[in-house]
Amino acid sequence: MNLTGNLLIGAQEVRATAGAMRALNPATNLTFAPDFAFGGADEVDRAAQLADEAFDSYNATSLAVRAAFLERIAGGLDAHARVLAQRASLETGLPAAQLEAEAAKSATQFRQFAGVVRRGRFRQATIDPAQPDRQPRPRMDHRMQKIGIGPIAIFGASNFPISYSVAGGDTASALAAGCPVILKAHNAHPGTSEIMGRIIQQAVKDAGLHEGVFSMLRGDGNAIGEALVDHPLVKGVTFTGSEAGGMALYRRAQQRPDPIPVFTEMTSVNPTFVLPDALAARGAQIGDGFAERMLVNVGQACLKPAILLAVDGAGYDAMREAMIARVHAMHARTMLTPGIQQAYRKGLDRQHAAGAETIAAGVAPTGTWDGQSYLFEVDGARLRDEPALLEEVFGPAALLVRVKDTDELVAIARRFRGQLSATLHLEQADLSLATRLLPILERRTGRIVVNAFAHPQEVSDASIHGGPFPATSDSRFTSVGMTAVERFLRPVCYQGFPDALLPEALRHDNPLGLWRLTDGEPAQS
Ligand code: NAP
């Protein structure tokens, strides 16, 4: 695919209006062609106008047409998997084989959301039939379905440049909900973004949809993101990135004359609790597994296990040694961007300043933007005194916490802010302690894992990638998994409607064959 570096606004290619940039290969620290255009508020306005024009017809597409559109995108991703992976590898320093698997995951997500659309349950069709003889007053016929909320601005993530970027889960779920998408491409991988943007643009054309269903913009600094969040025709936002960036955009959206939902996925340390019998039985194995997962993607993963807590006793030293061995042997690897590497180094300094002792360091860096792996240790008392130790260090570092006793373990569990996940390693004899921890963790996390690690995240109907603040800005929703579509839906009630005027999902003869809730009972009628 020939890259032009242009912005994609509907079916149009738009040249730079606000400067341009080149992609950086973080492994070589060299930039390379072509120039990638920056746009500004005018381009945001054009994309938003088009998305608004597209909304009514796209939101009204039949389930079959919408599902087929999502499958077209999946086909395009499959066809370009290799070229996508090669470009993404140059722009991120991540291995091409891993990125090809990411492209396959991305295509699978679009197919999974096509399945969600075909089944139609996301409409949540609900019918309360008329009760003309009800006393003391009759009930009119009430029917409810969910529809898309309107054009969505999506901030592509930096750390999964394919599966959570332009053609990632946010885009797939917003399109599944019937919402046009305006994508703010991350500047960390502009060529990868363009390839994915073109695949979606082509699918819009081939499906015969309104061109405004998809646009892809790029900008310099915060101005373009701010213009997107401010635009009156944008009706929702998703974001993956830093807590500072996510909360700035969240607050901005709440200050609009018409506040809109902003779904941010920001920060999590994914605490791992190794309970005493599990520690004694398989401490070394758990330590090795933890260290392996903390180093995946150079530690640049939202589900990286970053803090391991265990009560000092049998198995602790074996676990500690296994962690040290793996971290010690790890070579420094290229991080995604200079900014992320610099933030990582600041995070390491913060750990030192907060009293964490370095117990292992990986092989020293050779490249400018390499991240060296680190393992720190503190005792439970220090952790309780120093909230900074509970903050995310985005990169290949983790903290081991030597806890005095089970009461201290439970007390520390209460210190954590909201998390995407927490993990318990346990044996049968640990169940009573696990039962004490469970309600504490349920209040603080979106997913609790037993005897495994949270990473990688399954993408399925029951999977949840969300959690209380600051993991996300809205704990009621997930950004990964099939229920991610619910972020972009709102209910509409149709009262006293003649059948001919009802949406298909709510008609009397149920032409779509949907499962519907009628008088509170599910039925396919
Ligand atoms: P970021 O700095 O938060 O940027 C994410 C996106 O939002 C970028 O497109 C950025 O545009 C835009 N943006 C950020 N702040 C903005 C603001 N105030 N107004 C308008 N737009 C704004 O995240 P990042 O560059 O991907 O990574 C930086 C740090 O975020 C990492 O070091 C890590 O701590 C954290 N992070 C966490 C996760 C996670 O899953 N937990 C994932 C990725 C990153 P520009 O690039 O133009 O600034």
Side-chain angles (χ1 to χ4, degrees), residues 18-19 21 23-24 26 36 38-41 44 91-92 94 153-161 163-166 168-170 182-190 193 216-231 234 237-253 255 262-270 296-306 335-348 350 369 371 391-397 417-421 446 454-457 465-467 469-473 479-480:
M21 62 168 281
L24 173 75
F36 288 93
F38 285 144
V44 167
E91 293 182 337
T92 62
L94 296 171
I154 294 178
F155 288 71
S158 59
N159 55 339
F160 289 95
S163 58
Y164 293 101
S165 179
V166 177
D170 283 337
I182 307 170
L183 203 298
K184 194 276 185 193
H186 202 291
N187 293 345
H189 49 267
S193 296
M216 190 189 78
L217 305 175
R218 190 180 306 102
D220 185 18
N222 294 344
I224 193 139
E226 291 174 355
L228 270 168
V229 169
D230 290 349
H231 200 287
V234 169
V237 177
T238 76
F239 169 94
T240 303
S242 64
E243 185 176 342
M247 288 315 295
L249 295 171
Y250 179 88
R251 290 195 187 97
R252 201 168 176 101
Q255 280 161 12
V262 179
F263 303 101
T264 66
E265 199 252 275
M266 300 176 289
T267 177
S268 182
V269 293
N270 308 299
V296 168
N297 242 38
V298 203
Q300 301 160 120
C302 37
L303 289 172
K304 179 191 81 173
M335 297 192 75
L336 290 163
T337 67
I340 286 176
Q341 196 255 21
Q342 285 156 354
Y344 174 59
R345 287 170 53 181
K346 275 192 197 142
L348 297 174
R350 200 179 63 221
W369 305 120
E391 299 298 315
E392 182 180 44
V393 179
F394 197 67
R417 300 199 292 165
Q419 302 292 327
L420 294 171
S421 76
H455 190 82
Q457 163 82 357
H465 191 74
F469 179 84
T472 78
S473 54
S479 58
V480 177

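Atoms within a ligand are numbered from 1 in the order they appear, just like the ligands themselves. Just so you know, these numbers come straight off a predicted model, no measurement behind them.
- Using a 4.0 Å cut-off to heavy atoms of Ser158, the atoms of ligand 1 that qualify are 24 (P), 26 (O), 43 (C).
- The distance criterion of under 3.5 Å between nitrogen or oxygen atoms is not met by Asp220 with respect to ligand 1.
- Counting protein heavy atoms only, atom 42 (C) of ligand 1 is closest to Asn159 ND2, 3.5 Å.
- If you check which protein heavy atom lies closest to atom 24 (P) of ligand 1, you get His186 NE2, 3.6 Å.
- Remark: side-chain polar atoms of Gln300 are paired, donor with acceptor, to backbone N or O of Leu336 under 3.5 angstrom.
- When side chains are defined from C-beta on, Ser479 does not count as touching Thr240, because their heavy atoms never get closer than 4.5 Å.
- Of the N and O atoms on the side chains of Gln419 and Ser268, at least one donor lies less than 3.5 Å from an acceptor on the other residue.
- Near Lys184, meaning under 4.0 Å from one of its heavy atoms, ligand 1 places the atoms 8 (C), 9 (O), 10 (C), 11 (O), 45 (P), 47 (O).
- Atom 2 (O) of ligand 1 has its nearest heavy-atom neighbour, among Gly347, Gly245, Gly395, Ser242, in Ser242.
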Self-check item: Thr267 vs Glu392, side chain to side chain donor-acceptor pair (under 3.5 Å): CA-CA, chis, key distance, verdict
Solution: CA-CA 6 Å; Thr267 177; Glu392 182 180 44; 3.0 Å; yes
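- Atoms of ligand 1 lying under 4.0 Å from any heavy atom of Leu249, numbered from 1 in the order shown and given with element: 19 (N), 20 (C).
- In terms of protein heavy-atom proximity, atom 28 (C) of ligand 1 is nearest to Ile340 CG1, 4.0 Å.
- Among all protein heavy atoms, the one lying closest to atom 22 (C) of ligand 1 is Asn222 OD1, 3.6 Å.
- Residue contact check: Glu392 has heavy atoms under 4.0 Å from atoms 41 (N) of ligand 1.
- Listed by number with element, the atoms of ligand 1 under 4.0 Å from a non-hydrogen atom of Met266 are 37 (C), 38 (C), 39 (C), 41 (N).
- Using a 4.0 angstrom heavy-atom cutoff, Phe239 counts as in contact with ligand 1.
- Protein heavy atom in closest approach to atom 12 (C) of ligand 1: Phe155 CD2, 4.0 Å.
- For His186, the side-chain contact (heavy atoms from CB on, under 4.5 Å) criterion is met by Ser158, Ala188, His189, not counting sequence neighbours.
- For the pair Ile224 and Arg218, the minimum side-chain heavy-atom distance is 4.5 Å or more.
- Assignment of Gly221 to the shell around ligand 1 is supported, since a heavy atom sits closer than 4.0 Å.
- Counting atoms of ligand 1 from 1 in the listed order, those under 4.0 Å from a heavy atom of Ala248 are 18 (N).
- Ranking the protein heavy atoms by distance from atom 44 (C) of ligand 1 puts Gly241 CA, 3.6 Å first.
- Within the 4.5 Å cutoff, the side chain of Phe239 has no heavy atoms near those of the Glu265 side chain.
- Judged by distance alone, the side chain of Asn270 and the main-chain N or O of Lys304 form a donor-acceptor pair under 3.5 Å.
- Under the 4.5 Å side-chain criterion, counting only non-hydrogen atoms from C-beta, Phe263 is not in contact with Val237.
- At least one side-chain heavy atom of Ile182 sits under 4.5 Å from a side-chain heavy atom of Leu228.
- Atom 31 (C) of ligand 1 has as its closest protein heavy atom Phe394 CD2, 3.6 Å.
- Checked by atom type and distance alone, the side chain of Ser193 never pairs as donor or acceptor with a backbone atom of Val166 at under 3.5 Å.
- Here Cys302 has heavy atoms under 4.0 Å from ligand 1 in both its backbone and its side chain.
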